[in-house]
Visitor: 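Below is the structure I would like to discuss, written out as structure tokens.
None of these values were measured; they are calculated from a predicted model.
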Amino acid sequence: MSAPESIFVRACKALPVETTPVWFMRQAGRYMAEYRAVRKQHSLIEICKRPPLAAEVTITAAEALGVDAAIIFADLLLPLEVMGLPFHFSAGEGPRIEKPISSEDDVRRLRTDRAGDLGYVSEAVRLVCKHFGSRLPVIGFCGAPFTLASYMIEGGGSRNYILAKKMMYNSPQAWDELMRKLVKVTSEYATEQVRAGADVIQVFDSWVGCLGVEDYRKYALPHTTQLVRELQKTKVPVIYFGTDSTALLPAMKETGAEVIGVDWRIPIDEGWRSMGFQGAVQGNLDPVLLFADWKEIKPRAEDILRRTQGRRGHIFNLGHGILPETPVDNVKDLAKFVQEHSSKMLSTSR
């Protein structure tokens with residue numbers, strides 16, 4: 001860990017802080033001119049695989065926004081390549097898996113011995129940690145088993161996840177083997193990020209909201225819990241985040257993750273209450289709200305801080321990642337407002 005005493009790490013552990021920490025998912029992205037300039041010269045995958053570039057865009061975004069944590073620039077699907085599933089990005093369509101999984105034999109052929117080939121990500125983490133030292137904590141991340149499996153089977157994003165669910169229901173042994181292999185690779189991958197200096201690991205379960213509670217408990221929860229346990233061996237806090245997950249929050253908390261990310265579809269105090277106010281929470285302003293005027297953004301941010309005031313363990317974030325074309329000044333103003341307003345609120349509550 002490079003910044004174990006930072007307010008961000010302390011909030012992850014539900015310890016007292018003087019200011020609510022704030023950072024944003026997808027901090028480095030197309031909404032920033034500095035990132036667009038880099039993308040003119042390099043593809044997204046090139047940036048991911050060249051540690052100096054990945055470190056540069058990570059550092060630039062964190063410093064420009066004045067946030068309380070930097071998240072390493074990487075792509076969720078990088079582990080798929082070392083498992084034997086190449087992918088590429090199609091213009092306007094997002095990632096596409098070249099040969100999606102469709103059978104038990106496909107699952108059997110997946111490799112789990114090449115996680116070390118992802119060392120370019122941990123090297124980027126090392127460079128960012130060297131730059132910030134103890135001034136700013138660094139977040140590493142990986143995908144959750146269900147979300148990565150859905151990409152591998154569907155071949156990309158999906159509306160109904162029919163193919164992924166068919167394997168869950170009809171080939172449970174193949175599904176379990178796939179999930180076990182994903183846990184092995186992603187846990188090794190994220191552990192290396194911690195060894196390089198990451199202070200926290202966030203597990204992204206972007207598509208888990210397509211599951212009902214019963215299916216989540218049966219097909220996803222045991223494997224995600226195993227991943228969280230493996231990551232906790234590193235002694236850093238784990239943040240577990242999923243979208244469309246309001247009904248799943250109590251079950252997600254059963255993973256044991258120190259922090260549960262809450263999307264914008266439920267008031268943050270209600271989401272926290274559904275988990276018995278155990279541990280910490282992260283969230284949860286609607287990302288689209290950042291396209292509004294400040295007179296609309298400010299009271300919404302105030303409301304989130306009001307709903308969490310006085311309770312240890314709140315990290316301010318959006319309910320999902322920053323969207324392209326988002327006005328960058330609104331993002332900067334929001335970070336500054338959260339820091340200043342929460343400082344006043346927390347000082348009066350002590």
Visitor: Could you walk me through whether E177 and R180 satisfy the salt bridge (charged side-chain N to carboxylate O under 4.0 Å, His left out) test, starting with their C-alpha distance in whole Å, then the side-chain angles of each, then the deciding distance to 0.1 Å, before giving a yes or no?
Guide: CA-CA 5 Å; E177 183 179 359; R180 285 195 299 269; 5.4 Å; no
Visitor: Test your reading of the model: is there a side-chain donor-acceptor pair from T255 to the backbone of T224, 3.5 Å cut-off?
Guide: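 No, because the side chain of T255 does not come within donor-acceptor range (under 3.5 Å) of the backbone of T224.
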Visitor: How many angstroms lie between CG in L77 and CG in L85, if you round to the nearest 0.5 Å?
Guide: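 L77 CG to L85 CG: 10.0 Å, rounded to 0.5 Å.
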Visitor: How are the rings of W272 and F277 set relative to one another: parallel (under 30°), tilted (30 to 60°) or perpendicular (over 60°)?
Guide: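 Because their plane-to-plane angle lies in the 30° to 60° range, the rings of W272 and F277 count as tilted.
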Visitor: Is a side-chain N or O of D199 found less than 3.5 angstrom from the main chain of A3, in a donor-acceptor match?
Guide: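 Judged by distance alone, yes, a pair lies under 3.5 Å.
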Visitor: Do you reckon F24 sits in the same ILVMFWY cluster as F291, going by side-chain contacts under 4.5 Å, direct or chained?
Guide: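 No, F24 does not connect to F291 through the hydrophobic network.
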Visitor: Can you find a heavy atom in the side chain of E188 that is under 4.5 Å from one in the side chain of K184?
Guide: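 Yes, their side chains come closer than 4.5 Å.
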Visitor: Applying side-chain contact (heavy atoms from CB on, under 4.5 Å), run through W23 and N317 and close with a yes or a no.
Guide: CA-CA 6 Å; W23 71 280; N317 208 311; 3.1 Å; yes
Visitor: Between W175 (side chain only) and Y219 (backbone N and O only), is there a donor and an acceptor less than 3.5 Å apart?
Guide: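 It does hold such a pair.
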Visitor: Within the structure provided, determine whether F316 and L305 are in side-chain contact (heavy-atom separation under 4.5 Å).
Guide: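 F316 reaches L305 side chain to side chain.
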Visitor: Check for a donor-acceptor pair, side chain of D68 on one end and backbone N or O of F8 on the other, with a separation under 3.5 Å.
Guide: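 A pair under 3.5 Å: no.
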Visitor: Just wondering, do L78 and Y120 contact through their side chains at under 4.5 Å, heavy atoms?
Guide: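 When only atoms from C-beta onward are counted, L78 and Y120 do touch, with a gap below 4.5 Å.
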Visitor: Is it the case that one hydrophobic cluster holds both V288 and F337, taking links as side-chain heavy atoms less than 4.5 Å apart, direct or via other members?
Guide: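 No, no single cluster joins them.
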Visitor: My understanding is that only one of V259, L227, V203 makes a side chain to side chain contact (heavy atoms under 4.5 Å, CB included) with Y240; could you say which?
Guide: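 Result for side chain to side chain contact (heavy atoms under 4.5 Å, CB included) with Y240: V203.
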Visitor: Considering residues, nucleotides and ligands other than K298, do more than 12 of their heavy atoms fall under 6.0 Å from its NZ?
Guide: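 Result for NZ/K298: open.
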Visitor: Kindly give the heavy-atom pair with the smallest separation between A198 and G140, and that separation in Å.
Guide: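 In this case the closest contact between A198 and G140 is CB-N, 3.9 Å.
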Visitor: So, the side chain of K253 versus the backbone of I260: is there a donor-acceptor pair under 3.5 Å, distance only?
Guide: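 No, because the side chain of K253 does not come within donor-acceptor range (under 3.5 Å) of the backbone of I260.
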Visitor: So E34 and E63, do their side chains get closer than 4.5 Å, heavy atoms only?
Guide: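 Not touching, per the 4.5 Å side-chain cut-off.
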Visitor: What verdict does the salt bridge (charged side-chain N to carboxylate O under 4.0 Å, His left out) test give for E340 and K344, after you've listed the backbone C-alpha separation in whole Å, the side-chain angles of each residue and the deciding distance to 0.1 Å?
Guide: CA-CA 7 Å; E340 293 179 350; K344 296 175 184 176; 5.9 Å; no
Visitor: Go through the steps to decide whether E258 and Q232 satisfy the test side chain to side chain donor-acceptor pair (under 3.5 Å), and finish with yes or no.
Guide: CA-CA 9 Å; E258 285 82 359; Q232 287 174 331; 3.1 Å; yes
Visitor: For the side chain of R126 and the backbone of G197, is there at least one donor-acceptor N/O pair under 3.5 Å apart?
Guide: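 Absent.
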Visitor: Could you walk me through whether D303 and R300 pass the salt bridge (charged side-chain N to carboxylate O under 4.0 Å, His left out) check?
Guide: CA-CA 5 Å; D303 183 61; R300 298 291 192 94; over 6 Å; no
Visitor: Step through it carefully: locate the ring centre of F73, locate the ring centre of Y35, and say whether they are under 6.0 Å apart.
Guide: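 For F73 and Y35, the ring centres are under 6.0 Å apart.
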Visitor: What's the verdict on side chain to side chain donor-acceptor pair (under 3.5 Å) for S245 and D263, showing C-alpha distance, side-chain angles and the deciding distance?
Guide: CA-CA 7 Å; S245 56; D263 74 10; 4.5 Å; no
Visitor: Looking at L15, is its backbone amide N or carbonyl O close enough to the side chain of R312 to form a donor-acceptor pair, meaning the two atoms are under 3.5 Å apart?
Guide: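 Between the backbone of L15 and the side chain of R312 there is no qualifying donor-acceptor contact (under 3.5 Å).
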Visitor: Take atom CZ in R306; do more than 12 heavy atoms of anything else shown fall under 6.0 Å from it?
Guide: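 Yes - once you tally the heavy atoms of other residues, nucleotides and ligands closer than 6.0 Å, there are more than 12.
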Visitor: Okay, side chain of H314, backbone of G283: is any donor-acceptor separation there less than 3.5 Å?
Guide: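 The answer is yes, because a donor-acceptor pair under 3.5 Å joins these two groups.
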Visitor: Do W264 and I266 belong to the same hydrophobic cluster, where Ile, Leu, Val, Met, Phe, Trp and Tyr are linked whenever their side-chain heavy atoms lie under 4.5 Å apart, directly or via other members?
Guide: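 Each belongs to a different hydrophobic cluster.
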Visitor: Please work out whether the ring planes of W207 and Y161 are parallel, tilted or perpendicular, with thresholds of 30° and 60°.
Guide: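 Taking Y161 first and then W207, their aromatic rings sit tilted (interplane angle of 30° to 60°).
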Visitor: I'd like to know if E270 pairs up with R273 as an ion pair, taking the criterion as any Lys NZ or Arg NE/NH1/NH2 lying under 4.0 Å from an Asp or Glu carboxylate oxygen.
Guide: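 Salt bridge between E270 and R273, a charged N being under 4.0 Å from a carboxylate O: no.
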Visitor: Ignoring hydrogens, what is the shortest heavy-atom contact between V67 and V22? Give both atom names and the distance.
Guide: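 Between these two residues, the closest heavy atoms are CB-O, 3.4 Å.
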Visitor: For the backbone of L163 and the side chain of E154, can you confirm whether one donor and one acceptor N or O come within less than 3.5 Å of each other?
Guide: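 Present.
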Visitor: Do the side chains of V281 and M275 get nearer than 4.5 Å, heavy atoms only?
Guide: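 The answer is yes, as the side chains (C-beta and beyond) meet within the 4.5 Å cut-off.
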Visitor: How long is the span from the CE atom in M252 to the CG atom in L221, to the nearest 0.5 Å?
Guide: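 Spacing of CE (M252) from CG (L221) equals 10.0 Å.
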Visitor: Under 4.5 Å between any side-chain heavy atoms of V200 and V238, yes or no?
Guide: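 The answer is no, as the side chains (C-beta and beyond) never meet within the 4.5 Å cut-off.
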Visitor: Verify side-chain contact (heavy atoms from CB on, under 4.5 Å) between K165 and L211, making sure each step is shown before the conclusion.
Guide: CA-CA 9 Å; K165 290 186 176 184; L211 295 178; 4.0 Å; yes
Visitor: Would N284 and R265 count as a side-chain contact (heavy atoms from CB on, under 4.5 Å) if you check the C-alpha gap in whole Å, the side-chain angles of each, and the deciding distance to 0.1 Å?
Guide: CA-CA 9 Å; N284 67 334; R265 296 172 177 87; over 6 Å; no
Visitor: Going hydrophobic residue to hydrophobic residue with side-chain gaps under 4.5 angstrom, can you get from L148 over to L110?
Guide: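 Cluster IDs for L148 and L110 match.
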Visitor: Looking at every non-hydrogen atom in both residues, tell me the closest pair between G319 and T243 and how far apart they are.
Guide: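 Heavy-atom minimum between the residues: O-CG2, 4.5 Å.
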Visitor: How far apart are the closest heavy atoms of I297 and L290, and which atoms are they?
Guide: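 Taking every non-hydrogen atom into account, CD1-CA, 4.1 Å.
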Visitor: Does a salt bridge link D105 with R109, judged by any charged N lying under 4.0 Å from a carboxylate O?
Guide: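 So D105 does not pair with R109 through a salt bridge.
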Visitor: Keeping the roles fixed (side chain from T326, backbone from L323), state whether a donor-acceptor pair exists under 3.5 Å.
Guide: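 Answer holds: yes.
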Visitor: Report the distance from atom CD1 of I72 to atom OG1 of T58, rounding to the nearest 0.5 Å.
Guide: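 I72 atom CD1 to T58 atom OG1 measures 4.0 Å (nearest 0.5 Å).
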Visitor: Can you give me the closest heavy-atom contact between K332 and L65, atom names plus distance?
Guide: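 In this case the closest contact between K332 and L65 is CG-CD2, 3.8 Å.
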Visitor: Using the rule that Ile, Leu, Val, Met, Phe, Trp and Tyr join whenever any side-chain heavy atoms are under 4.5 Å apart, tell me whether I101 and I97 fall into a single cluster.
Guide: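 In one cluster: yes.
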Visitor: Are any of the side-chain heavy atoms of T191 and E230 separated by less than 4.5 Å?
Guide: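 Side chain of T191 against side chain of E230, heavy atoms only: no contact under 4.5 Å found.
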Visitor: Has R26 got more than 12 heavy atoms of other residues, nucleotides or ligands less than 6.0 Å from its CZ?
Guide: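 Atom CZ in R26 is crowded, with more than 12 foreign heavy atoms closer than 6.0 Å.
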Visitor: Does the side chain of R114 come within less than 4.5 Å of M83's, by heavy atoms?
Guide: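 M83 does not reach R114 side chain to side chain.
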Visitor: Write down the atom of L178, the atom of M167, and the distance for their closest heavy-atom approach.
Guide: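 Closest approach of L178 to M167, heavy atoms only: CD2-SD, 4.3 Å.
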Visitor: Report the distance from atom CZ of F89 to atom CD1 of I45, rounding to the nearest 0.5 Å.
Guide: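 Rounded to the nearest 0.5 Å, the CZ-CD1 separation comes to 4.5 Å.
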Visitor: What do you reckon, is CD of Q173 surrounded by more than 12 foreign heavy atoms closer than 6.0 Å?
Guide: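 At most 12 heavy atoms, drawn from other residues, nucleotides or ligands, come within 6.0 Å of this atom.
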Visitor: I need the M25 CE to Q202 CD distance, nearest 0.5 Å.
Guide: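 Spacing of CE (M25) from CD (Q202) equals 6.0 Å.
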Visitor: Run the side-chain contact (heavy atoms from CB on, under 4.5 Å) check on V236 and M1 step by step: do they pass?
Guide: CA-CA 8 Å; V236 304; M1 298 178 73; 3.7 Å; yes
Visitor: Using 0.5 Å steps for rounding, measure from the CD1 atom of I153 to the CD1 atom of I162.
Guide: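 Separation between the atoms: 13.0 Å.
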Visitor: Mark yes when over 12 heavy atoms from residues, nucleotides or ligands other than R135 sit less than 6.0 Å from its CZ; otherwise mark no.
Guide: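 Count over threshold, so yes.
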